[in-house]
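All of these numbers come straight from a predicted model, not from anything done at the bench. Each chain gets a letter, A, B and so on, in the order its sequence line appears, and its residues count up from 1.
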2 protein chains.
Amino acid sequence: MPETPHRTHRLPGSRYGNRPTMKDVAARAGVGLKTVSRVVNGEPGVTPETERRVQESIEALGFRRNDSARVLRKGRTASVGLVLEDLSDPFYGPLSRAVEEVARAHGALLINGSSAEDAEREQELVLALCARRVDGLVVIPAGDDHRYLEPELRAGVATVFVDRPAGRIDADVVVSDNYGGARDGVAHLIAHGHRRIGFIGDMPGIHTASERLRGYRAAMEDAGIPVEDSWMSLGVTDPERVRRATEEMLSRPDPVTAVFTGNNRVTVTVIRVLSERSRPVALVGFDDIELADLLRPGLTVVAQDSAALGRTAAERLFRQLDGTLLAPERIELPTKLITRGSGELPPAD
Amino acid sequence: MPETPHRTHRLPGSRYGNRPTMKDVAARAGVGLKTVSRVVNGEPGVTPETERRVQESIEALGFRRNDSARVLRKGRTASVGLVLEDLSDPFYGPLSRAVEEVARAHGALLINGSSAEDAEREQELVLALCARRVDGLVVIPAGDDHRYLEPELRAGVATVFVDRPAGRIDADVVVSDNYGGARDGVAHLIAHGHRRIGFIGDMPGIHTASERLRGYRAAMEDAGIPVEDSWMSLGVTDPERVRRATEEMLSRPDPVTAVFTGNNRVTVTVIRVLSERSRPVALVGFDDIELADLLRPGLTVVAQDSAALGRTAAERLFRQLDGTLLAPERIELPTKLITRGSGELPPAD
DNA sequence: CCTGAGCCTGACAACGTTGTCCAGGCTCTA
DNA sequence: TAGAGCCTGGACAACGTTGTCAGGCTCAGG
């Protein structure tokens, strides 16, 4: 006799391994099916005595309502989907958690998936979520064409895009002020005397990257500094290439005296490179990083509040679901320059 | 006339906002319902010409299969649930992502929820996932009594606990070698000449915390060092109290010369406190931290591989689902001591 | 004692899909 | 040319739940 009887009950052919249904509960309690439904859903119109018998039956059989069937009848799943790039990126953890908390407040569960920055995978994920009939979608787009979502919008699936706008459809977006943040960050470096300032960021095809690049250019132009091509390195995020790009900028005859980095992954690598060099180079990074205050010098950043992005998006989502029909809107959240030292280093010419 | 016609279609009473069903597709294509089902599922027995007509119909109507109905018939949801403490903790991001990747390789989606270290909320989440009939559950327990899961185990819901063992039921567990890791970390400090070593960790009620405490005690005992109560601070994780506890240990007449911290949140705060002091104090932390190598001195840690925890657990989960009935097992993953400087500081007496 | 109101209760259909099964039409062979 | 066999397509039931509705009971008022 096995010590763990529960394992032995899993018959190959049985769906759900023979889970009890309301019918079973009803039979055991000697009541009708609908009465069980009423008890389970806390509907009125059941004698205390009957309710007790049903409850006892539920306990004894370990009954759990099958929400798939429920959804099929009711049409609402009380779940929302979140598609982001990579859950293990510290930028997305708080965002995801924020969406979850708002969902929870509305009694909904969160299903999430990582697109790995791949448009096809994004679409695959989104459609899988739609097949499960999530009530709403929060999407951090990887692709740039979201017309595949048109049937869902038509069907009333609430949808909010975050961090980057949707492509070729009209939908709600919540983004950070990437342009303004980058401009402020670069202006900060300029204010501390720098003129030759490097920019290392992602491919300009990515909305956030191009906005930040635009901010960089704007700040330089405002200061009347012509930008040299060799100061910019675009489409470079993997550590090896960021390292090379950084070293190149620093080894030129006229080296940059400061660097502005376009996202946290780039920033981390650049910090590593700079820490190996003796000559101090100023650095301002987009995105905050844990422990940034403990580095020497502390890291000056343009911080965006990823939790606020998630929260704002989710709240918007549920307002769509609440039935207040809103025209698609673009919401921009401010960024914040946090000075900790690295951005205040003077140029070492 | 609204510019966004899709919004206006959301009639209040219509379920799913009038999504087309297979029946609609069939009618439009002039075929039978089952034929549509065959096309959607790629089943054989449909003429290319018929298939084309059906596909065209699907496109035109924007049909998406309703997985709720499908699940109801088939009994498998192709989704697994993950309940953890807090997605925004950098320890859980990679773990969650690892579970997702394994799930994806098995064609399953991941639904996750944060228990916020609250037993009641954990149960609530787990049961919600069960009501949605997830095929499997990966749980990082908050509570210490999981008998409420007995009906699910009986029903064949694959279940694996991670990071901490299940309470009062017999189930698979994947944990790090918390005891051995802590012992190694503390032994490392002892090897560098320390004798008065502080320990700051979570409540011993939490399994990982008590194991790490046990490792600390074992290392001290191995070295023949009697531990003084004032060297240990238990159940303290919020920054303010960690700060106080650290300062207390360091201000005693016979201050500790090294500190071993029981998790990454504690570690971060202790680094802050130590960085404000002139006298160097050695530090080894449990859990690795991003940028730990860039601190001065670099942070020596006992690292656990949270992605490996997640991957191992998920693989085990799917082996349960593959039908190979396995006796519940406890899997322990090794930790790794990474020396970067802070743990090699000599005692400053 | 009868009637009607009000309360519990359960029978039944429906949600959208898939599995089973059978019918009709075709091809191929004897 | 007839029969066998295959291929395609569709009718129907079932999955577990909830909404609708009607039946039966109790009780008060006439």
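We find that CZ of B/Arg133 is positioned 11 Å from C1' of D/dT17, with the value rounded to whole Å. B/Met22 has its CE atom 20 Å from the P atom of C/dA14, to the nearest Å. One can place NZ of A/Lys74 at 19 Å from P of C/dA14, the figure rounded to the nearest angstrom. In this entry the distance linking CD of A/Glu43 with C1' of D/dT17 reads 11 Å, nearest Å. In this entry the distance linking CZ of A/Arg64 with C1' of D/dT17 reads 17 Å, nearest Å. In this structure, CG of B/Asp24 is placed 13 Å from C1' of C/dC15, rounded to the nearest angstrom. Put simply, CG on B/Leu72 is 13 Å from C1' on C/dG19, counting in whole angstrom units. Atom CZ of B/Arg132 and atom P of D/dC15 are 23 Å apart (whole Å).
Between the side chains of A/Asn112 and A/Ser96, at least one donor-acceptor pair of N or O atoms lies under 3.5 Å. Between the side chains of A/Ser114 and B/Glu100, a donor-acceptor pair is found at a separation under 3.5 Å.
With B/Glu152 as the partner, the side-chain contact (heavy atoms from CB on, under 4.5 Å) test is satisfied by one option alone out of B/Leu137, B/Leu129, B/Val134, B/Leu127: B/Leu127.
Among the atoms of the strands shown, none is found under 4.0 Å from any heavy atom of B/Asp67.
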Test B/Ile111 against A/Leu110 for side-chain contact (heavy atoms from CB on, under 4.5 Å), laying out the working first.
-> CA-CA 6 Å; B/Ile111 311 183; A/Leu110 181 65; over 6 Å; no
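Annotation: the span from B/Arg133 atom CZ to A/Arg65 atom CZ amounts to 10.0 Å, rounded to 0.5 Å. With rounding to the nearest 0.5 Å, the separation of CG in B/Leu61 from CZ in B/Arg28 is 5.5 Å.
B/Ser37 has no side-chain polar atom (N or O) that falls below the 4.0 Å cut-off from OP1 or OP2 of C/dT17. Using a 4.0 Å cut-off, no side-chain N or O of A/Lys23 falls inside it from OP1 or OP2 of D/dC15. Side-chain nitrogen and oxygen atoms of B/Arg70 include none within less than 4.0 Å of the OP1 or OP2 phosphate oxygen of D/dC15. Note on A/Asn66: every side-chain N or O is 4.0 Å or more away from OP1 and OP2 of D/dC15.
Salt bridge annotation for B/Glu56-B/Arg53: absent, with no cationic side-chain nitrogen under 4.0 angstrom from a carboxylate oxygen.
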Which atom pairs link the protein and nucleotides 8-12 of chain D when you take only N or O atoms and keep those under 3.5 Å?
{"unit_1": "D/dT8", "atom_1": "O3'", "unit_2": "B/Thr47", "atom_2": "OG1", "d": "2.9"}
{"unit_1": "D/dG9", "atom_1": "OP1", "unit_2": "B/Thr47", "atom_2": "OG1", "d": "3.2"}
{"unit_1": "D/dG9", "atom_1": "OP1", "unit_2": "B/Thr50", "atom_2": "OG1", "d": "2.3"}
{"unit_1": "D/dG9", "atom_1": "OP2", "unit_2": "B/Thr47", "atom_2": "N", "d": "3.4"}
{"unit_1": "D/dG9", "atom_1": "N7", "unit_2": "B/Arg38", "atom_2": "NH2", "d": "3.0"}
{"unit_1": "D/dG10", "atom_1": "OP1", "unit_2": "B/Gly32", "atom_2": "N", "d": "3.2"}
{"unit_1": "D/dG10", "atom_1": "OP2", "unit_2": "B/Gly32", "atom_2": "N", "d": "2.2"}
{"unit_1": "D/dG10", "atom_1": "OP2", "unit_2": "B/Thr35", "atom_2": "OG1", "d": "2.9"}
{"unit_1": "D/dG10", "atom_1": "N7", "unit_2": "B/Arg38", "atom_2": "NH2", "d": "3.0"}
{"unit_1": "D/dG10", "atom_1": "O6", "unit_2": "B/Arg38", "atom_2": "NH2", "d": "3.4"}

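B/Arg73 contributes a side-chain N or O that forms a donor-acceptor pair with the base of C/dT18 under 3.5 Å.
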